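This one's a predicted model, so the numbers in the text were calculated from it and none came from an experiment.
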2 protein chains.
Amino acid sequence: MKKTVPEAKLLVVDDEPNIRELLSTSLRVAGFDVVAAANGRDALAAAETHNPDLAVLDVMLPDMDGFTVTRRLRAAGRHFPVVFLTARDDTEDKVTGLTVGGDDYVTKPFSLDEVVARIRAVLRRTHPLEDDDAVIRVDDLELDDDAHEVRRGGETIDLSPTEFKLLRYLMMNPNRVLSKAQILDHVWEYDFNGDASIVESYISYLRRKIDRSSDAVALIQTKRGVGYLLRSADKR
Amino acid sequence: MKKTVPEAKLLVVDDEPNIRELLSTSLRVAGFDVVAAANGRDALAAAETHNPDLAVLDVMLPDMDGFTVTRRLRAAGRHFPVVFLTARDDTEDKVTGLTVGGDDYVTKPFSLDEVVARIRAVLRRTHPLEDDDAVIRVDDLELDDDAHEVRRGGETIDLSPTEFKLLRYLMMNPNRVLSKAQILDHVWEYDFNGDASIVESYISYLRRKIDRSSDAVALIQTKRGVGYLLRSADKR
DNA sequence: GCGATCCCTCAGCAACGGCTCAGCCAATTC
DNA sequence: GAATTGGCTGAGCCGTTGCTGAGGGATCGC
């Protein structure tokens, strides 16, 4: 898995232990330095102590809501960006205005890969110094996370949101077999409870769009009984 | 047998004494430092005392399930990865979340060689410092565990899952005779109860694919009445 | 509010892989 | 050199896996 350079420090705030752990662990593996808090008070304290580069903040916390936390942070002179976690059915107006600063939001239940991508995007915008590019390349395949666009050999390819996420996950892990369970865990929302065969369907869609259009080599390979693999000619 | 460098400490947790012993012994032979526990409570205590690098954890334990154990561990600030053991048919592909973070899972009944390989893979991912490569080499034969791919003299060779596991076992033990019983014990699932002649079949398949395609030296040799041996020219 | 898109499920089909068996060949023993 | 044992391999059966097209239901955008 591609690591973030340089290591950024994140503050994760959510009162549900499961979500908090899920996020913390995934973000650590993604290369971030993670500090976690379970409520607004602890979050404010942790922000003082650790001075993170970004916070992932649930809007619904037991003691105060995420907006209040943000306001208090800003008042204390902390201007790092925030990625809010909101329930899907939150009213529109509650969510609007969230993205004004460098901020962004992700709705629960989210896909792990998606959260990581969003955090990277926000960091990229606020710390443009890094040579961390928004474009992932594997052979003649390009995926531009900012423009949400995919090209193969210069030719733009139209993907649905899920197809895009799946391809991004594959491209982040070239030349490595990914099992259907693994793909499900990273690409689909964490509460999805259909079965893994949906991955087959989406692999099929992707192939049709990126491996069939050009008469180039097939990039997506099936490892029967094991998983799928995105082939890259140049060895890393 | 190739040793793990440096020696990693593992915590093995399973309530069935047979499985626990089987795993502990094999992992010790594979070069790991092993501590075992029979239930969640003991596992938590052992984690405190021994601070392992990884845990092998049955999801079905008498006192609490594997997820609870994991959550409690993480809450206590222990962030080592976990390889879960799950039953094959308890709605297998409905169970998700086992592969997030650096974690992975193996279904029961498993093959010993497979478990060891998975553990190594997880450790490799979480401790990338080690120069422990995912590629095993014997002469001009290469086996890439991450890509699940085999090459001889640069030429990619397609193997079925069982063929792959068999070859990996042979390649992990070059220049050493392995009896059919030994191979059966390591490569096949522990509840397999056909007879050892199946090994002959698979050796035959492997020869056809790796020793016949090129006109190079035959790597797989038969020691009549004893077993098989994968021969390597360069002694290391 | 309507159409288009997208997500997901399902079922049919084809290909593959796991395993067994039988017949043959090779090595070994007497 | 005959008999015996051990190993090799082709054939075949059968369950499993993966691919794909079709369709239903939900959602999004206009």
### Message
Evaluate A/Arg168 against A/Glu114 for salt bridge (Lys or Arg N to Asp or Glu O under 4.0 Å), listing each step before the verdict.
### Response
CA-CA 9 Å; A/Arg168 178 173 53 198; A/Glu114 184 65 12; 2.7 Å; yes
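- Taking side-chain N and O atoms only, A/Trp188 has no distance below 4.0 Å to OP1 or OP2 of C/dC7.
- In this structure, the CG atom of A/Asp195 is 17 Å from the P atom of C/dC7, given to the nearest Å.
- Around CG of A/Asp146, the count of heavy atoms belonging to other residues, nucleotides or ligands within 6.0 Å exceeds 12.
- B/Phe192 has its CZ atom 14 Å from the C1' atom of C/dG17, to the nearest Å.
- When rounded to the nearest whole Å, the span between CG of B/Asn193 and P of C/dC19 equals 11 Å.
- Judged by atom type and distance alone, B/Arg224 reaches the base of D/dT5 through a side-chain donor-acceptor pair under 3.5 Å.
- Across C/dC19, D/dG18, D/dG10, the shortest atom-to-atom separation from the side chain of A/Glu200 is found for D/dG18.
- The aromatic rings of B/Tyr190 and B/Phe110 lie perpendicular to each other, with more than 60° between the two planes, well past the 30° mark.
- A/Tyr205 and A/Tyr202 have perpendicular rings, their planes meeting at more than 60° on a 0 to 90° scale where under 30° would count as parallel.
- Between B/Thr222 and D/dC8 there is a side-chain polar atom (N or O) within less than 4.0 angstrom of OP1 or OP2.
- A donor and an acceptor atom sit less than 3.5 Å apart, one in the side chain of A/Tyr205 and one in the base of C/dC8.
- For the pair A/Tyr202 OH and C/dC7 C1', the interatomic distance rounds to 4 Å; values are reported in whole Å.
- Look at A/Arg208 and you won't find any side-chain N or O under 4.0 angstrom from OP1 or OP2 of D/dC19.
- Counting atom types as modelled, A/Tyr228 pairs no side-chain N or O with a base atom of D/dC19 as donor and acceptor under 3.5 Å.
- Look at A/Ser204 and you won't find any side-chain N or O under 4.0 angstrom from OP1 or OP2 of D/dG21.
- Side chain of B/Ser201, nearest nucleotide from C/dC10, D/dG7, C/dC21: C/dC21.
- Across C/dC8, C/dC19, D/dG7, the shortest atom-to-atom separation from the side chain of B/Lys180 is found for D/dG7.
- OP1 or OP2 of C/dG18 sits under 4.0 Å from a side-chain N or O of B/Ser160.
- The phosphate of D/dT9 has OP1 or OP2 within less than 4.0 Å of a side-chain N or O from B/Arg212.
- Without hydrogens or angle criteria, B/Asp113 side chain to B/His186 main chain gives no donor-acceptor distance under 3.5 Å.
- OP1 or OP2 of C/dG18 has at least one side-chain nitrogen or oxygen of B/Thr162 nearer than 4.0 Å.
- In this structure, B/Leu159 atom CG and C/dC16 atom C1' are separated by 14 Å, rounded to whole Å.
- In this entry the distance linking CG of B/Leu206 with P of D/dG7 reads 17 Å, nearest Å.
- Using cut-offs of 30° and 60° for the angle between ring planes, the B/Phe84 and B/Phe67 rings count as tilted.
- Here D/dG18 presents its P atom at 11 Å from CD1 of A/Ile203, a figure rounded to the nearest Å.
- Distance B/Ile198 CD1 to D/dT9 P: 16 Å, rounded to the nearest Å.
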